[in-house]
Trainee: 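My questions all concern the structure below.
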Amino acid sequence: MPNQIKITLNNGKVKEYEAGVTAAAVLKDTAADIFKKAAAAQVNGRYVDLTYELNEDARVKPVTIDSKEGLDIYRHSTSHVMAQAVKELFDGVKITIGPFIEDGFYYDFDSPHTFTPFDLEKIEEKMADIIRGDRPFVKEEMSKEDAIKFFGEKSETYKQELIAEIPDEKVSIYRHDNFADLCRGPHLPSTRWIKAFKLLSIAGAYWRGDEKNKMLQRIYGTAFPTKRELDEYLNRLEEAKKRDHRKLGIELDLFSISDEIGSGLVCWHPKGAVVRGIIEDFWKREHYRHDYQVVYTPHIAKVDLWKTSGHWAFYRDNLYSPMDVEGQGFIVKPMNCPFHIQIYNSHLRSYRELPIRYAELGTVYRFERSGVLHGLLRVRGFTQDDAHIFCRPEQLEEEIGDVLNFTIYILKSFGFNEFDIYLSTRPEKYVGTLDKWEKAENALKVALEKSGLKFQIDAGEGVFYGPKIDIKIKDTLGRAWQCSTIQVDFNLPERFNVKYRGQDDKEHQPIMIHRALMGSLERFFGCLIEHYAGSFPLWLAPVQVIVLSITEKNEAYAMKVYERLRFEGVRSEIDIRNEKLGLKIREAEMQKIPFMLVVGDREAENNTVAVRTRIKGIEGVPQAADFKDFIGWFKGLLIRQSPAL
RNA sequence: GCCGACGUAGCUCAGGGGUAGAGCAGCUGAUUCGUAAUCAGCAGGUCGUGAGUUCAAUUCUCACCGUCGGCUCCA
């Protein structure tokens with residue numbers, strides 16, 4: 001006689017079933033509509049296949065493909081199908097790992113055949129076949145030895161390696177059709193459930209991410225519950241490409257990086273330079289307000305300085321080679337800190353002076369491997385909005401809190417409201433005492449908690465000289481770039497013998513904080529371009545207003561308007577070419593200029609301008625305004641739209 | 001640095017062992033125009049660099065440089 005078991009459903013109700021009932025049956029019975037979207041089930045909090053058999057009382061929840069977890073399972077199953085297709089199409093392929101990722105999945109293969117984009121189409125066709133075949137995914141448990149033997153017969157050496165490292169006695173294997181893969185699961189009930197997928201790209205990837213290992217071939221793909229969602233995603237990728245800062249940088253004539261100068265070295269064109277100038281002015285003003293002192297330091301220094309700082313030993317790979325100056329080696333600077341320390345050390349400091357905050361827009365040069373360079377986001381020469389704070393230990397927490405608030409204020413001023421914050425703690429190799437680390441980590445944590453911001457702890461990811469807070473901004477393709485960083489440093493004060501005279505008339509060592517709010521101006525600008533898709537807000541726009549004449553007859557009046565605008569400090573351009581108005585407007589729109597002032601006979605006669613605006617939703621834009629009124633209105637708007645003046 | 005793709009006019013791209021193609025931009029001319037492309041003509045290239053194969057290479061091969069997508073790295 002079969003046992004009855006009590007199943008607690010998602011809605012809290014309890015229902016009895018015969019033991020051995022599958023999760024699928026329960027869900028079908030109790031929530032047929034939701035069951036259609038179920039990818040798997042959750043039994044007592046554990047993710048399981050829908051075919052999972054329930055043998056005792058349990059709580060059962062559906063995992064639908066529109067949930068994060070359901071979609072992950074869905075994509076993971078798609079990656080298995082891809083692996084099968086690849087194995088069937090190409091000989092000698094060894095499978096390795098194929099997980100889901102944020103927007104899709106990948107699978108890494110060790111294959112004698114080099115995959116081409118054309119192969120992706122063939123693989124997609126094969127996958128479609130497999131999916132049509134409606135092959136069920138079947139889970140099988142076996143002992144580790146059996147599994148190693150099983151994969152040994154298939155020459156799947158990577159799988160054998162993985163199994164050997166699993167601590168459990170038993171491992172699970174998922175089969176569908178003639179394909180089998182080591183996998184924890186769960187998976188979709190069958191291949192037929194996969195409705196829309198696309199293979200996206202091929203890339204190299206080291207086995208287990210270690211560059212000492214063999215380079216495998218990775219195929220990236222994505223899958224969605226419906227064709228419509230897949231198309232939407234592909235469209236999003238297309239849209240993202242349009243706001244790529246490298247593309248906009250050319251189109252809007254903001255910056256360039258040329259082969260002749262060298263990779264990773266940026267030229268700021270006039271329009272990019274305008275934006276940079278505004279950022280720098282804003283930065284200086286805010287640093288003055290926050291009680292920092294701005295300094296300037298040289299671009300090169302003796303190798304000995306970098307030996308003292310430790311950079312020579314620790315970051316040799318990222319430093320440019322020394323140049324000989326009268327028999328002494330000098331290198332171009334990779335950082336600003338030793339200079340700021342020299343300024344601090346230029347005379348004896350009293351505890352009364354602390355905290356001392358030196359800030360500098362310091363241009364540094366670091367050697368980056370060619371493969372990592374990326375537009376403005378990863379370069380070899382860049383200007384940090386750097387600062388070093390020297391404080392007494394008891395001031396640390398307050399200083400960190402202030403820096404954190406300052407950072408958030410600056411980022412928000414530029415329209416960034418979403419970022420990822422990480423607190424990185426003590427790594428295996430470190431300098432300084434445990435006590436110091438604990439206090440510093442605690443200071444960072446308390447500051448973060450007080451700020452109310454969400455953050456993650458990256459255990460062991462701190463720099464050897466101290467814990468840090470990193471703030472990352474995402475680019476259009478979802479890649480996160482670290483901009484802001486706040487780092488505590490126990491190392492440099494020691495190495496440079498940084499001291500202050502305490503109230504007790506004894507020498508003490510200050511704690512040093514490195515911080516960059518925007519990180520580097522180059523990277524920040526790149527993120528800014530993408531964030532605004534090139535349509536900068538009024539206060540940052542390289543050109544705020546363009547005057548468009550209708551015919552050559554209006555040239556004189558147009559010039560008068562233009563000259564007045566410039567005199568009033570409005571960043572302006574004029575287009576008096578012998579072209580039609582439609583063309584001039586089109587080009588001004590493409591240049592993303594916020595305001596267009598059209599002037600023809602009517603305007604010239606009455607001293608007015610016809611206002612056309614790129615920015616939608618601005619209140620009270622005068623349509624045909626008396627020119628002087630427009631300037632007044634414009635200036636008012638600019639002030640209202642600029643961060644805290 | 002590693003894997004792969006790519007490199008043709010200022011930009012976006014087509015082409016292909018036998019004297020190099022388009023659109024846009026540029027220049028000249030016509031047009032004098034009211035809210036996202038007026039028309040015509042002209043000019044523009046060592047086909048990334050270097051070597052090799054060939055009667056002949058921009059095309060095929062190799063190396064290097066660079067860009068892109070990843071990996072690795074990232075003070």
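Protein chains get the first letters and strands the later ones, always in sequence-line order, with residue 1 at the start of each. Note: hydrogens, waters and symmetry copies are ignored here, and every other heavy atom, side chains too, is used.
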Trainee: Measuring from the side chain of A:Glu589 (C-beta onward, heavy atoms only), which nucleotide among B:G70, B:G34, B:A36 has the closest atom?
Mentor: B:A36
Trainee: Run the ring-centre check on A:Phe464 versus A:Phe314 and record whether the distance is less than 6.0 Å.
Mentor: yes
Trainee: Which one is paired to B:G4, where only Watson-Crick or G-U wobble pairs with both distances under 3.5 angstrom count?
Mentor: B:C68
Trainee: Closest to the A:Glu211 side chain: B:G1, B:C71, B:C33?
Mentor: B:G1
Trainee: Only pairs with both distances under 3.5 Å count, Watson-Crick or wobble alike; so what is the partner of B:U46 in this structure?
Mentor: none
Trainee: May I ask you to evaluate whether A:Ser201 reaches the phosphate of B:G70, defined as a side-chain N or O under 4.0 Å from OP1 or OP2?
Mentor: no
Trainee: Just compare B:G34, B:G70, B:U72 and give me whichever is closest to any side-chain atom of A:Arg218.
Mentor: B:G70
Trainee: Return the nearest nucleotide to the side chain of A:Lys553; candidates are B:U72, B:G34, B:U32.
Mentor: B:U32
Trainee: Compare the minimum distances between each of B:A37, B:G34, B:G1 and the side chain of A:Ala610, then state the nucleotide with the smallest one.
Mentor: B:G34
Trainee: When the P atoms of B:G7 and B:U59 are considered, how many whole Å apart are they?
Mentor: 12 Å
Trainee: A:Glu587 has an atom CD; how far is it from atom C1' of B:G26, in whole Å?
Mentor: 12 Å
Trainee: Whole angstrom is fine here: how far is it from CD in A:Glu368 over to C1' in B:U72?
Mentor: 12 Å
Trainee: Separation of A:His374 atom NE2 from B:G66 atom P, in whole Å?
Mentor: 17 Å
Trainee: With rounding to the closest Å, how many angstrom separate the C1' atoms on B:A40 and B:A56?
Mentor: 40 Å
Trainee: Taking the same atom, C1', in B:U67 and in B:G18, what whole-Å distance lies between them?
Mentor: 31 Å
Trainee: Under a 3.5 Å cut-off for both distances, is B:G23 Watson-Crick or wobble paired, and to whom?
Mentor: B:C11
Trainee: Looking only at side-chain atoms of A:Thr551, point me to the closest of B:G1, B:C33, B:A37.
Mentor: B:C33
Trainee: Does B:G69 have OP1 or OP2 sitting under 4.0 Å from an N or O in the side chain of A:Arg246?
Mentor: yes
Trainee: Under 4.5 Å between any side-chain heavy atoms of A:Pro493 and A:Gln509, yes or no?
Mentor: yes
Trainee: Of A:Ile257 and A:Thr114, whose nearest nucleotide on RNA chain B comes first from the 5' end?
Mentor: A:Thr114
Trainee: Identify the heavy atoms of A:Pro334 and A:Leu319 that sit nearest to each other, and give their distance.
Mentor: CG-CD2, 3.3 Å
Trainee: Decide if the gap between the ring center of A:Phe490 and the ring center of A:Tyr465 is smaller than 6.0 angstrom.
Mentor: no
Trainee: Both distances under 3.5 Å, Watson-Crick or G-U wobble: report the partner of B:G52, or none.
Mentor: B:C60
Trainee: Write down the partner of B:U32 under the Watson-Crick or G-U wobble criteria, each distance required to be under 3.5 Å.
Mentor: none
Trainee: Ignoring the backbone of A:Arg378, work out which of B:G34, B:C33, B:C74 is nearest its side chain.
Mentor: B:C74
Trainee: Heavy atoms from C-beta onward define the side chain here; which of B:G70, B:G66, B:U35 lies closest to that of A:Ala203?
Mentor: B:G70
Trainee: Please determine, by modelled atom types, if A:Ser256 and A:His269 share a side-chain donor-acceptor pair under 3.5 angstrom.
Mentor: yes
Trainee: For A:Phe367 and A:Met590, find the nucleotide of RNA chain B closest to each by heavy atoms; which residue's nucleotide sits nearer the 5' end?
Mentor: A:Met590
Trainee: So, is A:Ser263 close to the B:G66 phosphate, meaning a side-chain N or O under 4.0 Å from OP1 or OP2?
Mentor: yes
Trainee: Rounded to whole angstrom, note down the C1' distance from B:U58 over to B:U8.
Mentor: 8 Å
Trainee: Touch check for A:Gly582, heavy atoms < 4.0 angstrom, all strands: base, sugar-phosphate only, or nothing?
Mentor: sugar-phosphate
Trainee: Please tell me which of the listed nucleotides, B:A36, B:C2, B:G4, lies nearest to the side chain of A:Met215?
Mentor: B:C2
Trainee: Can A:Phe115 and A:Phe90 be said to form a ring-ring contact (aromatic ring centres under 6.0 Å, His included), step by step?
Mentor: CA-CA 10 Å; A:Phe115 301 125; A:Phe90 304 97; 5.3 Å; yes
Trainee: Of all the choices, B:U38, B:C71, B:A37, which nucleotide is nearest to the side chain of A:Val372 once you look at every atom?
Mentor: B:C71
Trainee: Is it true that the side chains of A:Glu260 and A:Ser258 contain a donor and an acceptor less than 3.5 Å apart?
Mentor: no
